[in-house]
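Quick notes on the structure that follows.
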Amino acid sequence: MPAQQPQPPETADAPGPAEAAAPGTPAPADVRPAGSPAAAGARGPATAPAATGVPAATDVPEAAGVPAVSGAAGLADVVCLGESMVTFLPSGPGPLADVPSFHRAIGGAESNVACALALSGHAAKWVGRVGADGFGTHLLDALAAYGVDVRSVVRDPHRPTGVYFRTADDRADASHEVVYYRAGSAASAMSPDTVPLADLRATRVLHLSGITAALSPGCLALMRTLCARSTDRPLLSFDVNHRPGLWASGDDGAPVLLELARGADLVFVGEDEAADAWGIRGGPAAIRAALPEPAVLVVKQGAAGATAFVRAAGNETETHHVPAPLVTPVAPVGAGDAFAAGFLSATLRGLHVPLRLRHGHLMAAAALTVPGDVAVPPPREYADELAALGPDAWGRLRLGPGWTGRPQEARA
Ligand SMILES: Nc1ncnc2c1ncn2[C@@H]1O[C@H](COP(=O)(O)OP(=O)(O)OP(=O)(O)O)[C@@H](O)[C@H]1O
Ligand SMILES: O=C(O)C(=O)C[C@H](O)[C@H](O)CO
């Protein structure tokens, strides 16, 4: 399969113990609470027990290190909060006015993360609001079919479910436009008063994104509440997801997103996004200098890879850079969500930071090589085998459409 971008530079990431494992070595045991639907390998509607308790501080994974094993019943691995939308994918290239038909799918950054994590075998829950309309019903059915727990979702009888349309140009590395119809949606009515806050604490990781902050004043208040530092919250994961078109003025979001990111434990941001939103053009180190608060900061650099800054014992900062594999993209939307899901999955499994980055890249490649938002991950054993490749073999890895279903085609 021809590569679409130049060979990434030789990796400098140091293999951790898990990386030294021979291909095919079973993955370390998962740390998901026993009895979750994902633990049983279920792919159908989630049947996780109702969230019952707030995790004690000792249940919260150490932000900078390997997460503690949680034994608390009813605790999700990850809760994702945000707006999920029915998504319409174009039947062909061209501007919106010329696309004759669309294929219905689902999207929404945070529910994309929940889907990828559920498909990866984790107990994932999505919390949000949808309309009491057919699109809301479809979203809940589709998310449940991915294995996502949707029992905390509120149906709003007065506001519609948000939708968005995609258009694509006709190049293989197509840029995709996103057109939203979501103003006044059910999700925009989220606030500290309308969302079940206890459900957002009954988890090892709470994953949020900057999109939610742009939806309404109530949503912004909710985000500020959740991003306030406190000792009794789960590990707080935050994807900056700057969407200038959702803010009243394109610049309005920048300071808010920086403020929210400063309250998180784990932050994902694109190098280009940091430049656009915050004017930081000095690369990952400059972004870290401007954002020292999160224990883990992951800077995504597209085809060039990703860099993680991790505050370790003694307040020292470790830096890990891992190049991305060579990918033949089909559609770029959702790659960032998939990256976050891969990184979070590996974090929950207690893998070393370079492996978390590799699993992020592999999951992103899964999203890049399908038309829709949601990444269907490769089987875990196969992802572990690829993530354990030596630096040279990793640098030669080429992933194109269909690679998650036909693993033998992924090798260089
Ligand atoms: N051309 C590429 N080749 C290989 N991997 C890529 C490429 N582009 C993106 N990726 C992978 O996808 C990840 C996310 O990319 P990017 O930051 O561009 O997404 P994003 O803009 O956050 O996506 P979205 O917000 O639509 O989910 C990268 O960190 C990398 O792992
Ligand atoms: O942009 C948004 O608000 C969305 O949630 C739509 C897409 O699903 C999202 O951009 C993918 O990351």
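Just so you know, ligand 1 is whichever comes first in the structure, and atom 1 is the first atom listed for that ligand. Worth knowing before you read on, the calculation uses all heavy atoms, side chains too, and leaves out hydrogens, waters and symmetry mates.
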### Task
Kindly state each residue pair satisfying salt bridge (charged side-chain N to carboxylate O under 4.0 Å, His left out) with at least one member in residues 316-330, sequence neighbours excluded.
none

### Message
Need the ligand 1 atom indices (1-based, order shown) with element for anything under 4.0 Å from a heavy-atom of V327.
### Response
3 (N), 4 (C), 5 (N)

### Summary
Min over G360, A335, G302 of heavy-atom distance to atom 30 (C) of ligand 1 lands on G302

### Task
Decide whether S185 and R129 meet the rule of one side-chain donor and one side-chain acceptor closer than 3.5 Å.
no

### Query
If you count the atoms of ligand 1 from 1 in the order shown, which ones are under 4.0 Å from a heavy atom of P325?
4 (C)

### Query
Using heavy atoms and a threshold below 4.0 Å, how should the contact between A303 and ligand 1 be classified: side chain, backbone, both, or neither?
both

### Query
Counting each atom of ligand 1 from 1 as listed, which ones have a heavy atom of V333 under 4.0 Å away?
26 (O)

#### Entry: Protein residues that have a heavy atom under 4.0 Å from any atom of ligand 2, sorted by chain and number
M85, G107, G108, A109, N112, Y164, Y180, R182, I211, R243, V333, G334, D337, D373

## Note on the structure
Residues pairing under salt bridge (charged side-chain N to carboxylate O under 4.0 Å, His left out) where one sits in residues 361-374, two or more places apart or in two chains, turn out to be R166-D373

### Query
Which atoms from ligand 1 have a heavy atom of N241 less than 4.0 Å away?
25 (O)

### Query
Side chain or backbone of R358 under 4.0 Å from ligand 1, or both, or neither, by non-hydrogen atoms?
neither

### Task
Just jot down the ring-ring contact (aromatic ring centres under 6.0 Å, His included) partners of Y180, sequence neighbours excluded, or say none.
none

### Message
For D133, is there an ion pair with R159 - N to carboxylate O distance below 4.0 angstrom?
### Response
no

### Query
Counting only N and O atoms by type, is there a donor-acceptor contact under 3.5 Å from the side chain of T87 to the main-chain atoms of V163?
no

### Task
May I ask you to check whether G334 has an N/O atom sitting below 3.5 Å from an N/O atom of ligand 1?
yes

### Query
Side chain, backbone, both or neither: which part of D239 has a heavy atom under 4.0 Å from ligand 1?
neither

### Query
Does CZ belonging to R104 count more than 12 external heavy atoms closer than 6.0 Å?
no

## Note on the structure
Per-atom filter on ligand 1: closer than 4.0 angstrom to a heavy atom of A364 are 11 (C), 12 (O), 13 (C), 31 (O)

### Query
R243 heavy atoms, cut-off 4.0 Å: which ligand 1 atoms fall inside?
25 (O)

## Note on the structure
Atoms of ligand 1 under 4.0 Å from any heavy atom of H361, numbered from 1 in the order shown, are 30 (C), 31 (O)

### Task
Determine, stepwise, if the pair H359 / F343 fulfils ring-ring contact (aromatic ring centres under 6.0 Å, His included).
CA-CA 6 Å; H359 279 282; F343 190 94; over 10 Å; no

### Task
Ignoring hydrogens and angles, state whether a donor on the side chain of K125 or T203 is under 3.5 Å from an acceptor on the partner side chain.
no

### Residue pair S101 / S91, side-chain donor-acceptor N/O under 3.5 Å
yes

### Summary
A324 heavy atoms within 4.0 Å reach ligand 1 at atoms 4 (C), 5 (N)

### Message
Donor-acceptor pair, distance only, cut-off 3.5 Å: does the side chain of N112 make one with the backbone of G107?
### Response
no

### Task
Quick one: sort the W403 and Y382 rings into parallel, tilted or perpendicular, breaks at 30° and 60°.
tilted

### Query
So, W278 side chain and A254 main chain: donor-acceptor pair closer than 3.5 Å or not?
yes

### Query
Does A338 approach ligand 1 within less than 4.0 angstrom via side chain, backbone, both or neither, non-hydrogen atoms only?
neither

